[in-house]
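Written below as structure tokens is the structure these notes are about.
Heavy-atom basis, side chains included; hydrogens, waters and symmetry copies ignored. No experiment lies behind these values; they were computed from the predicted model shown. Convention: sequence-line order gives letters A, B, ...; per-chain numbering from 1.
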Amino acid sequence: MTDPRLQVNVAGLVLKNPLLPASGTYGYGREYLPFFTPDLFGAVVTKGVSTIPWVGNPPPRVYETPAGMLNAIGLQNPGVEAFISEAIPFLETYQTPVIVNVVGKTVEEYVAVVERLDDISVVSGFELNISCPNVKEGGIAFGTQPDCAAQVTAAVRKATRKPLIVKLSPNVTDITAIAKAVEQAGADALSLINTLLGMAIDLRSRKPVLGNVVGGLSGPAVKPVALRMVYQVYQAVSVPIIGMGGICSAADALEFIMAGATAVAVGTGMFHDPMLPRKILDGIREFLQEEKVENIAELKGIAHR
Amino acid sequence: MTDPRLQVNVAGLVLKNPLLPASGTYGYGREYLPFFTPDLFGAVVTKGVSTIPWVGNPPPRVYETPAGMLNAIGLQNPGVEAFISEAIPFLETYQTPVIVNVVGKTVEEYVAVVERLDDISVVSGFELNISCPNVKEGGIAFGTQPDCAAQVTAAVRKATRKPLIVKLSPNVTDITAIAKAVEQAGADALSLINTLLGMAIDLRSRKPVLGNVVGGLSGPAVKPVALRMVYQVYQAVSVPIIGMGGICSAADALEFIMAGATAVAVGTGMFHDPMLPRKILDGIREFLQEEKVENIAELKGIAHR
Amino acid sequence: MKQTEALILERTALGPGYYYYRLLCPELADKAKPGQFIEIKASSEETLDPLLSRPISIYRINPEEGSLAVIFKTVGRGTRRIAALQRGNKVSVFGPVGNGFMLPEEAGRIALIAGGIGMPPLFSLAERYPEKDFTLFYGGRSATDLLALDAWEQLGVPYKLATDDGSAGFHGLVTSLFEREHLAASFDYVIACGPKPMLKAVQQLAARFRLPGAISLEAYMACGVGACLGCTCATSKGYRRVCVDGPVFEISEVTFDD
Amino acid sequence: MKQTEALILERTALGPGYYYYRLLCPELADKAKPGQFIEIKASSEETLDPLLSRPISIYRINPEEGSLAVIFKTVGRGTRRIAALQRGNKVSVFGPVGNGFMLPEEAGRIALIAGGIGMPPLFSLAERYPEKDFTLFYGGRSATDLLALDAWEQLGVPYKLATDDGSAGFHGLVTSLFEREHLAASFDYVIACGPKPMLKAVQQLAARFRLPGAISLEAYMACGVGACLGCTCATSKGYRRVCVDGPVFEISEVTFDD
Ligand SMILES: Cc1cc2nc3c(=O)[nH]c(=O)nc-3n(C[C@H](O)[C@H](O)[C@H](O)COP(=O)(O)OP(=O)(O)OC[C@H]3O[C@@H](n4cnc5c(N)ncnc54)[C@H](O)[C@@H]3O)c2cc1C
Ligand SMILES: Cc1cc2nc3c(=O)[nH]c(=O)nc-3n(C[C@H](O)[C@H](O)[C@H](O)COP(=O)(O)OP(=O)(O)OC[C@H]3O[C@@H](n4cnc5c(N)ncnc54)[C@H](O)[C@@H]3O)c2cc1C
Ligand SMILES: Cc1cc2nc3c(=O)[nH]c(=O)nc-3n(C[C@H](O)[C@H](O)[C@H](O)COP(=O)(O)O)c2cc1C
Ligand SMILES: Cc1cc2nc3c(=O)[nH]c(=O)nc-3n(C[C@H](O)[C@H](O)[C@H](O)COP(=O)(O)O)c2cc1C
Ligand code: FES
Ligand code: FES
């Protein structure tokens with residue numbers, strides 16, 4: 001089952017394989033049990049957790065687009081206390097590390113969630129979703145301004161010594177500027193990309209399809225953009241990168257690794273095929289075999305050479 | 001043939017229908033003659049024209065991605081003199097207005113192309129492609145900074161009284177800031193979006209696929225992003241918008257119009273189906289019929305209401 | 001819930017745009033309950049567009065044969081692609097998904113109200129409980145939209161029809177028909193599946209007559225397993241997932257916006 | 001150039017991964033010349049992925065029947081999707097595209113050099129000019145990669161085979177075989193189609209022997225009509241479009257990068 005060729009190290013976490021679920025697409029791990037257990041993944045990344053419960057956006061919340069989908073869930077989640085009482089006991093029964101995705105509307109909210117979870121041993125690290133609107137800055141996402149991104153990173157950095165991953169928004173002119181700012185502010189790793197802002201209009205009603213008007217585009221459609229950003233960020237920072245955006249095959253995952261990702265995450269691809277994570281791991285193993293690669297780390301960033 | 005319900009007015013140009021070819025996907029009009037003539041379109045938008053010939057990027061230059069494609073043509077073109085001697089006489093034989101897409105590496109180059117073409121009567125207007133790298137600013141695209149975008153717009157504005165369309169890059173944090181800056185600087189209309197920066201990696205060679213490493217993503221994959229930007233820019237400016245990005249059907253075109261576009265352009269979609277422009281026009285007519293719409297302008301921006 | 005490549009045992013066109021498929025998928029058929037649905041992949045191996053599977057209710061459950069039957073209408077490219085599959089082809093499906101119907105013991109006379117393509121799950125319910133006293137109220141645009149009436153007849157469930165154009169049964173809404181009939185011979189329980197406006201009307205009628213019941217909802221879905229929170233509907237308990245908390249909800253629980 | 005929905009008159013698997021299709025498309029067959037290609041749509045109506053058509057050379061032209069034949073190898077999802085189409089299906093195609101071969105009047109003995117799936121266009125050329133003196137040099141990995149030899153025999157064109165594994169003909173590169181044979185009985189003209197390394201070797205041989213000739217190139221294509229400048233190759237005259245300036249180029253004109 002475990003294959004030493006797949007083992008990677010992300011921000012001090014030793015992962016038995018480089019595949020993670022993308023936050024928000026895998027719930028807290030329970031829903032995909034009919035298909036595989038959380039232990040399939042190198043680590044579990046939970047959906048976003050906030051201080052208090054968030055109700056989320058009005059429906060419709062999802063919509064299919066060419067080779068992709070839009071979502072405007074609005075980060076619905078039961079809040080950190082419910083997370084502790086319901087998700088943690090479930091995740092504790094598995095061996096794989098747990099990375100908690102953290103959301104907030106202010107710097108203080110991010111810090112509060114991390115502080116609340118920091119002593120829980122099954123929580124191995126944090127992933128900050130900085131695509132959330134910053135209410136103090138008029139609702140502009142934290143992740144679109146280097147200084148805001150650095151500020152929330154630095155504040156959370158003070159609150160935990162556990163691995164801190166910052167998840168970047170792709171809706172920016174220069175993603176390397178954000179990446180450098182959060183690296184400087186203490187991030188141990190970066191994950192990218194979050195969703196691209198998009199929308200759809202229903203011709204019959206002549207109105208935006210999504211209850212929230214705009215939503216996040218994910219899935220294979222965005223893969224070329226995600227890959228380019230991983231490639232650029234790899235050149236700009238020295239912390240490890242978790243690459244994601246449209247991964248639907250082992251080949252896609254390997255492209256991200258060659259672009260510079262240490263680990264990769266699969267999200268929307270699971271909606272296309274609930275067995276995808278298993279297929280990706282099998283496919284990566286096959287590729288390593290065929291190409292006689294001793295450890296997947298050899299392939300990391302190889303496209304830059 | 002002409003249908004008054006389809007007539008639109010963009011920046012003072014009366015177009016018999018709202019459909020244009022997207023710059024760079026239709027050459028100077030000659031190549032699609034086996035399928036339709038330039039007169040099919042409300043106006044022809046040429047591929048980019050520069051002062052002197054540009055050789056373009058090394059191959060491979062194009063690559064398919066999920067529901068999209070990457071291109072890194074590098075704006076290969078024979079320069080404005082060859083354009084005048086070869087493309088103009090051809091385009092003169094048709095009735096449809098000609099909008100020349102203009103590219104440059106400095107503000108002066110843009111101005112030079114426009115000045116050279118301004119007296120040619122068949123040239124009805126200009127579309128500035130500001131996604132070009134600005135050599136004086138270290139190669140950052142003109143279109144990614146409001147001040148650079150405004151500067152080139154203002155300089156060209158002085159050089160011509162013909163309709164001036166500025167084509168925006170989507171690779172920005174806030175497209176409305178760029179839109180407002182170029183409107184302020186004298187643009188009569190905006191077209192959006194140009195391509196999203198993306199890339200692909202070849203697993204066998206372990207290298208980027210494109211000769212230029214990165215390229216522009218276009219096609220249906222990007223439609224949700226393009227539509228969102230048109231929707232946002234419509235709220236931010238009062239000049240007309242030419243919407244494009246992934247249009248592959250009449251329904252797609254109508255979505256852009258409902259989001260706020262006065263006219264739309266089809267690019268990559270023609271590669272999917274060379275008869276697409278005709279199908280789009282037929283489909284729009286059918287929709288107007290079914291929904292009893294007197295003029296397509298009634299639908300413009302209707303999704304905002 | 002299981003994923004499998006189901007063999008298409010039978011494909012029948014039931015009329016313009018309506019298709020019946022019988023799928024060999026023993027692991028799913030073994031578990032399936034009335035009111036649950038399956039997710040059918042609308043794309044082939046070599047394409048990523050359309051990306052998402054399409055939820056389709058289970059119409060008949062045959063655990064002996066190991067098969068599930070569905071009836072669907074082609075409304076967009078996903079259902080059109082599925083409709084292009086032929087007998088002998090395989091199609092990727094997973095399920096069964098959802099809670100399914102719960103029939104209270106005490107429910108004696110049960111009204112089933114179907115609007116259009118909302119009929120199939122009600123059939124699986126009626127077939128599962130032959131001892132119960134069901135009456136079907138079935139509405140559609142036109143006579144050709146009322147499907148599988150022979151199957152209902154074989155089942156021995158009386159039905160009353162309503163069509164918008166009067167081409168079969170009552171000329172008008174199925175909810176008006178139900179209202180009239182309920183006044184004549186009252187029911188203990190109501191179960192409805194169909195378009196939102198119909199469900200809303202049923203909800204109002206149920207409230208008026210203090211009739212307990214359940215409704216089966218539709219929603220645009222992404223994951224189909226409860227993970228993405230994409231398919232939520234507003235309820236008195238907050239947003240709930242149609243795919244796994246539903247598709248069947250207690251009739252008064254759902255909040256329809258206006 | 002015309003677009004049409006071509007009826008598949010015949011589909012034959014020629015061996016592992018190789019397919020022969022005969023397509024009814026009179027408007028295209030009427031115009032087609034040896035060395036041209038057609039663009040075949042790899043997606044169905046209801047999907048936008050894969051997005052682009054696939055360029056495939058014309059193998060046989062039959063204007064009387066109004067048909068074109070092609071032979072292709074499945075290498076990726078596009079060709080796999082096309083290979084899934086059956087006799088009686090229709091497929092969207094446009095063409096004929098490209099310049100095609102030009103045979104100089106004075107060319108007496110003509111060497112055709114084919115590498116793998118580069119063979120088909122050379123066949124259409126040989127079939128068009130029965131009066132010319134062609135010799136085919138045909139290389140592939142293995143005997144099973146050498147296709148349609150019976151057709152070449154019927155045409156009366158002598159052929160010499162080469163395989164990488166020695167399973168048929170000469171054990172080694174087709175260019176080595178050609179070099180040896182050319183020294184024995186020299187040719188006036190050479191036409192080659194195949195993978196880049198082979199074409200490059202042919203170019204070098206042609207230069208060494210001062211042999212005039214032409215090569216047919218492949219390139220990743222987007223529009224397939226000359227509009228996008230996506231398919232360019234480096235030549236002594238700058239970047240030229242493979243789709244319409246080619247796919248056939250004068251042999252010395254093309255610049256192969258190292
Ligand atoms: C639990 C459940 C059970 C269902 N059972 C049946 C059934 O038994 N028979 C049947 O014919 N249909 C059923 N449907 C509806 C069916 O899922 C949709 O018609 C189908 O997904 C449309 O896909 P499409 O690609 O053809 O249409 P699209 O091109 O995607 O869309 C066409 C129209 O259908 C709507 N639509 C798309 N997807 C969904 C969806 N997931 N749910 C609701 N509406 C959608 C769109 O908003 C649009 O108006 C069910 C839906 C749900 C949620
Ligand atoms: C003028 C011309 C004539 C051709 N004639 C034939 C023929 O007669 N028979 C035949 O079997 N093949 C022919 N080809 C090659 C054929 O077009 C490709 O094999 C096909 O496009 C691959 O598509 P795919 O989706 O199966 O592969 P993909 O999954 O897209 O790619 C698989 C591999 O093929 C390469 N490839 C993809 N598209 C092209 C392309 N347009 N040109 C070259 N390489 C490509 C990719 O880089 C990759 O290495 C020709 C190509 C050209 C340009
Ligand atoms: C339904 C849905 C919900 C998501 N929720 C979150 C979230 O809670 N936190 C977060 O950081 N990212 C969230 N994302 C973004 C994904 O984690 C991922 O970054 C993005 O979808 C790109 O990857 P993919 O194309 O593989 O899905 C969500 C994406 C989807 C589709
Ligand atoms: C092959 C290719 C070449 C292009 N060349 C140009 C160009 O010269 N100037 C320009 O402004 N945009 C150029 N574009 C961008 C298109 O005009 C258009 O903005 C973009 O492709 C999005 O539309 P689409 O998805 O319909 O293609 C090019 C796009 C493609 C695919
Ligand atoms: S579809 Fe994902 S939670 Fe229901
Ligand atoms: S493929 Fe577009 S120019 Fe050749």
* Toward chain C, the part of F35(A) with a non-hydrogen atom under 4.5 Å -> side chain
* **Closest approach of D273(A) to Q3(C) (non-hydrogen atoms, all atoms of both residues)** => OD1-NE2, 3.2 Å
* Asked: Under 3.5 Å, is there a donor-acceptor pair between the side chain of E64(A) and the main chain of L52(C)?
  -> yes
* **Y220(C) portion near chain A, given a 4.5 angstrom heavy-atom threshold** => both
* Asked: Under 4.5 Å between any side-chain heavy atoms of H272(A) and S43(C), yes or no?
  -> yes
* Selection from P59(A), P60(A), A67(A), G27(A) maximising heavy-atom pairs under 4.5 Å formed with chain C -> A67(A)
* Asked: Does CE in M102(C) sit with more than 12 non-hydrogen atoms of other residues, nucleotides or ligands closer than 6.0 Å?
  -> no
* Atom NZ of K207(A): over 12 foreign heavy atoms under 6.0 Å -> yes
* **Greatest number of heavy atom pairs closer than 4.5 Å to chain A - which of T47(C), L51(C), D49(C)** => L51(C)
* **Pairs of heavy atoms under 4.5 Å with chain A: top-ranked of G230(C), A219(C), G238(C)** => G230(C)
* **Proximity breakdown for Y63(A) and chain C, heavy-atom pairs closer than 4.5 Å** => both
* Asked: Checking side-chain contact (heavy atoms from CB on, under 4.5 Å) for the pair C228(C)/K47(A): CA distance, chi angles, key distance, verdict?
  -> CA-CA 9 Å; C228(C) 76; K47(A) 78 183 160 84; over 6 Å; no
* What option among G269(A), G29(A), P66(A) has the most heavy-atom pairs under 4.5 Å with chain C? -> P66(A)
* Asked: Between T65(A), N57(A), N71(A), which has the largest tally of heavy atom pairs under 4.5 Å with chain C?
  -> N57(A)
* chain C contacts, top residue of C248(A), P58(A), G267(A), G74(A) (heavy-atom pairs, under 4.5 Å) -> P58(A)
* **Heavy atoms of other groups near K279(A) NZ, more than 12 under 6.0 Å** => yes
* Between V225(C) and F271(A), is a side-chain contact (heavy atoms from CB on, under 4.5 Å) present by the stated rule, with each step listed? -> CA-CA 9 Å; V225(C) 304; F271(A) 306 164; over 6 Å; no
* **Stepwise side-chain contact (heavy atoms from CB on, under 4.5 Å) check, L229(C) with R61(A)** => CA-CA 8 Å; L229(C) 309 185; R61(A) 290 177 168 187; 3.9 Å; yes
* Structure fact -> Shortest non-hydrogen pair, M1(C) vs E31(A), comes out as CE-O, 4.4 Å
